[in-house]
Amino acid sequence: MNKFQSLRGFNDVLPADAPAWRHLLRTADEVFAAYGYAEVRLPLLEQTELFKRSIGEATDVVEKEMFSFQDREGDSLTLRPEATASLVRLGLEHGLLHNQQQRLWTWGPMFRHERPQAGRYRQFHQLDIEAYGLAGPDIDVELIAVSARLFRTLGLSGLTLELNSLGGPDTRAAYRAALVAFLEKHEAHLDADSQRRLRSNPLRVLDSKVPATQAVVKDAPVITEHLDAESRVHFEGMQKGLFDLGIAFTVNPRIVRGLDYYTRGVFEWTTTQLGAQGTVCAGGRYDGLVEQLGGTPTPAVGWALGVERLLMLMKAQNAPVPGYSPQVYVCSLGEAAEREAARRIEILRDALPALRLILNAGGGKLPVQLKRADRSGATLALILGEAEAAKGVIQVKSLRENTPQTECAWPELPARLSALLSPN
């Protein structure tokens, strides 16, 4: 019989890796809450048309990467490839956006049918944070500051912030015409994908990683030369705000982002420590998307962060991750002691709710149970035999230090454990 395995590009998270996930999400929750962002949860499935209208039918995501299918009623549904369109749909559906300011965040799996490689999967996870109803560059700066604080809180360093502005619709139209005119002169030197994109989505040619195409686009016109006056003021405001906060950045006029809804300021946090997948966090403005999806004109800005990539970077930099191993392992010998231990340990959990404790199951002689205790990673073992049960005491044994085993009465145990397990 064939062994079942996870699908290509769909990965399991094993017990050894779960603490880093938990730490990242807990840290993000605390940082976002400190800035006043409220969490929402989104469904995995949406109508396919939502993404076609928002992301753009000529984008790689919609053309080649979405997991779409027809349900039994004949409706076309798609596993969400990103969160922004779903967040706007949520806001419109539940009346959160009209004449209001909202700060929202979410996280969860996204799905794209890409070629799997390190840091790029078919099911991947994102943290997504968005602000609505705020038009000035101050909120763009705040969102970037949130990401910078998240990185610092996680103990990360060496990330580079790159900025660009895509301007408004008029800017993009003028720049698109100038870029197409330039690229058509060099079309023969472009790779096949870029030749196709030249007609459908020419700005994506600037993202090509093919050396021959990169050699061409280095001389292409830059979009910042075509900015309208309002977009230029907004972009300058972003830069001044970041300077005031001491957040270093570089202006990179080649950042265009792969989704059609972006306007004005866009940005990316990049690293050189993850090989080809150097972008860890990216985002920008999408002031026209709410109206495009049926709402009233509403300014909006946000960013998305690749969870797997950030975890890879945390590992590469040996960023600290709190341990979640059990602190105490309880060994019991004999039926009477097992029953007494089960009863007493529940009382102990009431007294110390944060205590991470494993109660031995499946019996076994004391050496066997102590081996289990050692493998669990626990700091202490509690040992209860029939003699201890009769006296109302329990043995406390250190598993990590060469210190004498001691006896402790049950009423004194919470204080004893708190003292032994507290950091020095």
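- T106 places a side-chain N or O within donor-acceptor distance of the main-chain N or O of V40, the cut-off being under 3.5 Å.
- R264 places no side-chain N or O within 3.5 Å of a backbone atom of G284 that could act as its donor or acceptor partner.
- Considering only heavy atoms from C-beta on, R285 comes within 4.5 Å of P299 through its side chain.
- Panel note: side chain R254, backbone K218; a donor-acceptor pair is recorded below 3.5 Å.
- The shortest distance between side-chain heavy atoms of M314 and L156 falls below 4.5 Å.
- Side chains of L384 and V330 form no contact here, defined as non-hydrogen atoms less than 4.5 Å apart.
- Dense packing is recorded around CD of E184, with more than 12 heavy atoms of other residues, nucleotides or ligands lying under 6.0 Å away.
- Contact check for E225 versus Y175: no side-chain heavy atoms found under the 4.5 Å cut-off.
- Of all heavy-atom pairs between A85 and S54, the closest is CB-OG, 3.2 Å.
- The environment of R149 atom CZ is sparse: at most 12 non-hydrogen atoms of other residues, nucleotides or ligands sit within 6.0 angstrom.
- Separating the CD atom in E82 from the CZ atom in F124 is a distance of 9.0 Å, to the nearest 0.5 Å.
- Note that CG of L161 is 4.5 Å distant from CG of L163, once rounded to the nearest 0.5 Å.
- The OG1 atom of T153 sits 14.5 Å away from the CZ atom of R26 when rounded to the nearest 0.5 Å.
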Between V328 and L348, does a side chain to side chain contact (heavy atoms under 4.5 Å, CB included) hold up when you go through it step by step?
-> CA-CA 11 Å; V328 177; L348 179 62; 5.9 Å; no
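- For the pair T171/T263, no side-chain contact is recorded, criterion being any heavy-atom separation below 4.5 Å from C-beta on.
- Between G302 and Y286, the closest heavy-atom pair is N-CE2, 3.8 Å.
- Counting non-hydrogen atoms of other residues, nucleotides and ligands closer than 6.0 Å to CZ of F10 gives a total above 12.
- The salt bridge (charged side-chain N to carboxylate O under 4.0 Å, His left out) search around D75 returns none, not counting sequence neighbours.
- Contact between Q101 and G133 at its shortest, heavy atoms only, is CG-O, 3.8 Å.
- Between the side chain of D350 and the backbone N or O of P353, no donor-acceptor pair lies under 3.5 Å.
- Under the 4.5 Å side-chain criterion, counting only non-hydrogen atoms from C-beta, L45 is not in contact with D71.
- Electrostatic pairing of D374 and R400 counts as a salt bridge here, judged by a charged N lying under 4.0 Å from a carboxylate O.
- Within the 3.5 Å criterion, the main-chain N or O of Q369 finds no donor-acceptor partner in the side chain of N360.
- Counting heavy atoms of neighbouring residues, nucleotides and ligands inside a 6.0 Å radius, atom CZ of R343 exceeds 12 of them.
- Electrostatic pairing of R349 and E346 counts as a salt bridge here, judged by a charged N lying under 4.0 Å from a carboxylate O.
- Considering every non-hydrogen atom in both P19 and P322, the closest pair reads CB-O, 4.2 Å.
- A tilted orientation is assigned to the rings of F67 and H113, their planes being inclined by 30° to 60°.
- A distance-only check finds a donor-acceptor pair linking the side chain of R80 to the backbone of L42 [under 3.5 Å].
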Would you sort out whether T296 and N99 count as a side chain to side chain contact (heavy atoms under 4.5 Å, CB included), showing the intermediate values?
-> CA-CA 9 Å; T296 56; N99 290 331; 5.8 Å; no
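- A donor-acceptor pair under 3.5 Å links the side-chain atoms of R112 to the main chain of P81, judged by distance alone.
- Minimum heavy-atom separation, Y329 to A378: N-CB, 4.0 Å.
- Taking 4.5 Å as the limit, every side-chain heavy atom of I144 sits out of range of all side-chain heavy atoms of L245.
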Could you go step by step and tell me if L313 and F151 meet the side chain to side chain contact (heavy atoms under 4.5 Å, CB included) rule?
-> CA-CA 10 Å; L313 187 60; F151 299 146; over 6 Å; no
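- Listed by chain and number, the residues in a ring-ring contact (aromatic ring centres under 6.0 Å, His included) with H23 amount to none (sequence neighbours excluded).
- Taking CZ of F267 as the start and CE of M238 as the end, the distance is 6.5 Å to the nearest 0.5 Å.
- Rounding to the nearest 0.5 Å places NZ of K52 at 8.0 Å from OG1 of T78.
- With E308 contributing its side chain and H125 its backbone, the two residues share a donor-acceptor pair below 3.5 Å.
- The OG atom of S147 sits 9.5 Å away from atom CZ of R152, with the distance rounded to the nearest 0.5 Å.
- Taking the side chain as every heavy atom from C-beta outward, L305 and I129 never approach each other to under 4.5 Å.
- For the residue pair Q100 / Q102, a side-chain donor-acceptor distance below 3.5 Å is found, with atom types taken as modelled.
- Aromatic ring centres of Y37 and W105 lie farther apart than the 6.0 Å criterion allows.
- By the 6.0 Å and 45° rule, R103 does not stack over the aromatic ring of Y35.
- The shortest heavy-atom contact between D228 and G168 is OD1-N, 3.3 Å.
- Using a distance-only test at 3.5 Å, with no hydrogens or angles considered, a donor-acceptor pair links the side chain of T48 to the main chain of S76.
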Could you go step by step and tell me if R309 and T279 meet the side chain to side chain contact (heavy atoms under 4.5 Å, CB included) rule?
-> CA-CA 8 Å; R309 291 188 191 178; T279 301; 4.2 Å; yes
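- E268 places no side-chain N or O within donor-acceptor distance of the main-chain N or O of A282, the cut-off being under 3.5 Å.
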